[in-house]
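Following: one structure in structure tokens, then a few remarks.
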Protein chains: 2
Amino acid sequence: MEPRKFPLDEKAIPESWYNIVPDLPFGLEPPLNPATREPAGPGDFAPIFPEEIIRQEVTTDRYVPIPEEVRETYALWRPTPLFRARRLEKALGTPAHIYYKYEGTSPSGSHKPNTAVPQAFYNKQEGVRRLTTETGAGQWGSSLSFACGALGLECTVYMVRVSYDQKPYRRIMMQTYGATVHASPSDLTQAGRDVLAADPESSGSLGIAISEAVEDAVKHDDAKYALGSVLNHVLMHQTVIGEEALKQMELAGEYPDVVVGCVGGGSNFGGVAFPFIRENLKGGKDTRIVAVEPASCPTLTKGRYVYDFGDTAATTPMMKMYTLGHSFVPSGIHAGGLRYHGDSPIVSALVHEGLVEARAYPQNPTFEAGVMFARTEGILPAPEVTHAIKATIDLALEAKEAGEEKVILFNLCGHGHFDLAAYEAYMAGRLVDLEYSEEEIDRAVAQIPG
Amino acid sequence: MEPRKFPLDEKAIPESWYNIVPDLPFGLEPPLNPATREPAGPGDFAPIFPEEIIRQEVTTDRYVPIPEEVRETYALWRPTPLFRARRLEKALGTPAHIYYKYEGTSPSGSHKPNTAVPQAFYNKQEGVRRLTTETGAGQWGSSLSFACGALGLECTVYMVRVSYDQKPYRRIMMQTYGATVHASPSDLTQAGRDVLAADPESSGSLGIAISEAVEDAVKHDDAKYALGSVLNHVLMHQTVIGEEALKQMELAGEYPDVVVGCVGGGSNFGGVAFPFIRENLKGGKDTRIVAVEPASCPTLTKGRYVYDFGDTAATTPMMKMYTLGHSFVPSGIHAGGLRYHGDSPIVSALVHEGLVEARAYPQNPTFEAGVMFARTEGILPAPEVTHAIKATIDLALEAKEAGEEKVILFNLCGHGHFDLAAYEAYMAGRLVDLEYSEEEIDRAVAQIPG
């Protein structure tokens with residue numbers, strides 16, 4: 001049988017996370033305090049994050065050791081499998097070799113626990129008793145709930161009310177892991193009460209839920225807040241994906257010509273891509289790195305590279321990043337994890353400097369790619385990652401056209417078991433593909449206070 | 001790090017299925033034609049099954065080679081992982097070593113594709129263009145849909161109306177794999193029309209859906225029917241689970257003192273247990289083999305060992321098995337896959353002859369075990385397999401009591417991603433534990449025509 005699996009045992013779980021910052025051939029612009037517009041210091045983050053996380057956010061160490069308890073918890077599902085997509089290759093009739101790293105085998109079904117576990121660990125180490133966070137569709141909330149349960153912390157999740165009501169499965173999963181889940185806006189925080197006073201029927205938003213989770217952490221001494229994407233330490237934790245993939249590609253006897261990942265806040269993309277960018281920067285390798293986003297939230301492909309807030313409420317430190325403006329509300333596509341107005345400052349800088357290329361797809365072609373993937377490879381992908389699959393298929397067809405035996409690796413960051421309503425809407429022809437004009441984006445970006 | 005994963009690559013996928021029949025130290029009683037009560041021959045099965053499946057159903061070969069195309073399709077997810085449950089052991093404070101084989105990594109999330117794939121393969125080889133089947137909650141239907149999609153067959157699934165309406169996710173999964181799904185009773189078959197004529201609002205039953213699927217296959221020359229449990233060939237296909245587990249336990253440097261599986265029709269149980277029973281029968285090994293069922297459908301623990309029909313409509317060949325009577329309707333527990341009045345004839349005979357011991361649990365303690373498993377090991381188990389987990393925990397606590405370092409292996413036959421409503425009902429205290437009296441079972445068994 002031709003090999004399609006490249007298994008590793010837990011000894012191959014990386015011993016360090018890779019921090020790309022010291023290797024970047026350019027400087028990163030610092031986050032700014034939103035009030036003073038001066039560079040934000042550790043003090044700006046201390047009310048919400050533990051010291052070690054703040055240290056990791058700004059460290060210039062190339063490698064940060066992974067604590068043994070974190071590696072042991074990773075071993076519940078890591079190393080994750082790397083597969084060669086032989087049946088997809090055959091269906092496409094392409095000479096390209098397609099590989100995928102599958103992060104959907106984690107307890108919550110995505111790459112998110114890679115950072116949830118160390119965040120829970122460092123908080124516990126510093127005496128924090130409870131973590132707070134927000135969640136939309138529930139992917140991040142269920143990952144943090146699992147991590148807190150595994151490490152013995154309490155977890156409070158503010159879940160956007162519309163998801164809380166319409167998507168009960170993720171909520172129940174969080175509760176099964178032991179978390180307390182509140183529909184947001186709630187009457188437990190001032191932020192929530194203010195929203196409810198103005199609109200008692202509010203269906204909530206991720207921005208409101210963030211405000212509630214942060215307020216809860218700030219107001220309680222034994223609680224801190226945890227964020228699932230965008231920030232440097234989060235992307236660093238995700239590099240276990242790419243480090244394992246490097247070893248597995250070696251087992252496969254190949255090296256990728258292209259690495260593909262979908263991008264919302266940038267964490268699964270950074271996780272798979274940064275170790276390959278390191279190899280490029282070392283010299284000797286020249287892998288194309290492709291970031292894929294939805295056409296209806298085209299941050300990297302149509303956004304502006306400026307300072308903006310991370311949240312819609314304009315309360316976080318400002319970050320230099322590609323952004324559609326923090327007040328931009330992307331259309332209600334099913335790839336909820338990609339509906340973010342901004343992007344990781346590191347990923348943004350890599351795109352700005354030309355080390356990463358970005359492309360965008362409307363959702364109907366991505367679901368078409370997802371269905372083709374399910375029927376050939378068996379795994380039903382999350383709507384987010386169908387964007388990476390669509391790009392991979394296009395690249396494989398370009399290779400067919402050119403008669404080139406390209407090696408393509410993409411990160412299959414999660415399964416779609418909780419997204420089947422999206423597949424039904426696609427199969428029923430109910431999905432709308434929306435694109436924004438330059439004028440609309442100009443208007444949204446103009447809202448950013450200079 | 002102490003090892004908890006024992007990975008195999010696809011070269012370790014078994015090259016043969018193991019047929020326990022020739023190794024049994026007793027004869028199996030043949031199925032009977034329901035009309036004549038004479039032993040059923042191949043002709044009784046020819047209208048619904050392809051020749052090779054009928055041959056495998058009655059073969060006395062100890063090993064049946066797995067076709068290369070089936071092994072290649074297995075390689076989409078096989079070999080499945082074997083884990084040591086170190087965090088569960090620690091939570092229990094037991095000296096026992098607990099291992100689990102995890103079948104939830106398959107495309108449809110359970111062990112069912114292990115037989116769906118070869119059944120689709122043999123049908124295709126014999127020129128069948130379309131397979132029909134029934135499904136309740138959707139586990140078997142989605143497995144056959146996947147297998148048909150992967151091998152290029154059409155698939156028609158009759159899904160019990162109440163599940164079709166209330167549990168749309170499995171239906172959408174089947175459709176994503178390319179299957180056609182009808183709510184049963186439908187107006188597409190005489191069986192369905194008869195039911196609808198009597199009760200236009202019928203919410204359906206597995207028995208009705210079987211009748212529709214069989215009728216569809218019998219009336220169309222290019223279609224055959226596929227069954228997901230109970231029969232000898234189905235259990236034989238599942239032995240890849242136990243054969244891989246034997247290799248992985250060797251990697252772990254241990255051998256199980258106890259093997260545990262949950263039992264509905266017997267397929268995941270037979271799959272994990274038969275290779276270990278073979279080792280027992282060879283001599284030199286003395287592994288305890290434990291079959292676990294729900295107290296509300298206590299086939300092996302309270303049923304009678306007699307000839308009975310496989311379906312509620314009393315149309316299939318009669319089989320000698322433990323049964324609660326084919327008209328027995330178990331209470332509506334959430335472990336839908338375990339709600340079967342009968343059991344595999346082989347598993348029944350093994351219990352009857354004392355080679356396998358059976359135990360039963362009410363559903364609340366099994367969900368309690370499932371939640372404990374999710375919080376320690378991360379994987380959210382299907383309600384069916386929480387029965388095996390409960391038995392495993394009890395055995396591990398007995399080992400603690402006795403101070404014995406027992407090695408326990410159980411088959412984690414599927415994840416619970418589509419069963420979260422059941423977890424919610426459990427956490428809300430809404431689950432009822434029902435047990436049947438001997439008198440009730442006597443009355444149900446008395447319905448079987450002598």
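Keep in mind that this is a model prediction, so the values were computed, not measured. Per chain, numbering begins at 1; letters A, B, ... match sequence-line order. When reading the values below, keep in mind they use all heavy atoms of this one structure, side chains included, and skip hydrogens, waters and symmetry mates.
- Neither the backbone nor the side chain of B:Arg86 comes within less than 4.5 Å of any heavy atom in chain A.
- Once rounded to the nearest 0.5 Å, the distance linking CG of B:Leu380 with CD1 of A:Ile172 reads 10.0 Å.
- For the atom pair CH2 of B:Trp77 and OH of A:Tyr102, the computed distance is 13.5 Å after rounding to the nearest 0.5 Å.
- A:Phe83 touches chain B through its side chain: at least one heavy atom from C-beta onward sits under 4.5 Å away, while N, CA, C and O do not.
- Taking each heavy atom of A:Gly378 and B:Phe146 in turn, the nearest pair found is CA-CE1, 3.8 Å.
- For A:Pro79, the parts sitting under 4.5 Å from any heavy atom of chain B are the backbone and the side chain alike.
- To the nearest 0.5 Å, atoms CE (B:Met173) and NE2 (A:His417) are separated by 4.5 Å.
- Smallest separation of non-hydrogen atoms from B:Thr176 and A:Val371: O-CG1, 3.8 Å.
- Residue contact with chain A, scored on non-hydrogen atoms closer than 4.5 Å, involves the backbone of B:Arg78 exclusively.
- Aromatic ring pairs are classed by plane angle as parallel below 30°, tilted from 30° to 60° and perpendicular above 60°; the pair A:His415 and B:His415 is parallel.
- For a residue to count as touching a neighbouring chain, one of its non-hydrogen atoms must lie under 4.5 Å from one of that chain's; by this rule B:Glu377 touches chain A with backbone and side chain alike.
- Judged by distance alone, the side chain of A:Lys5 and the main-chain N or O of B:Leu76 form no donor-acceptor pair under 3.5 Å.
- Looking at every heavy atom in both residues, B:Arg375 comes nearest to A:Gln175 through NH2-O, 3.4 Å.
- For A:Pro168, no part lies near chain B; criterion is any non-hydrogen pair under 4.5 Å.
- In this structure, B:Arg4 and A:Ala75 approach most closely via the heavy-atom pair NE-O, 3.2 Å.
- Across every non-hydrogen atom of A:Tyr169 and B:Phe418, the tightest pair is OH-O, 3.9 Å.
- The shortest side-chain heavy-atom distance between A:Arg170 and B:Leu420 does not fall under the 4.5 Å cut-off.
- Of all the listed residues (A:Gly178, A:Pro113, A:Gly149), the one sharing the greatest number of non-hydrogen pairs under 4.5 Å with chain B is A:Gly178.
- Contacts between A:Ala85 and chain B at a heavy-atom distance below 4.5 Å are absent for every atom of the residue.
- In terms of heavy-atom proximity, A:Glu10 sits nearest to B:Glu2 at OE1-O, 4.4 Å.
- When side chains are defined from C-beta on, B:Met1 does not count as touching A:Lys11, because their heavy atoms never get closer than 4.5 Å.
- With a 4.5 Å cut-off on non-hydrogen atoms, B:Ala91 does not touch chain A at all.
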(message) Would A:Arg171 and B:Glu424 count as a salt bridge (charged side-chain N to carboxylate O under 4.0 Å, His left out) here? Give the steps.
(response) CA-CA 9 Å; A:Arg171 166 177 59 76; B:Glu424 178 164 53; 2.8 Å; yes
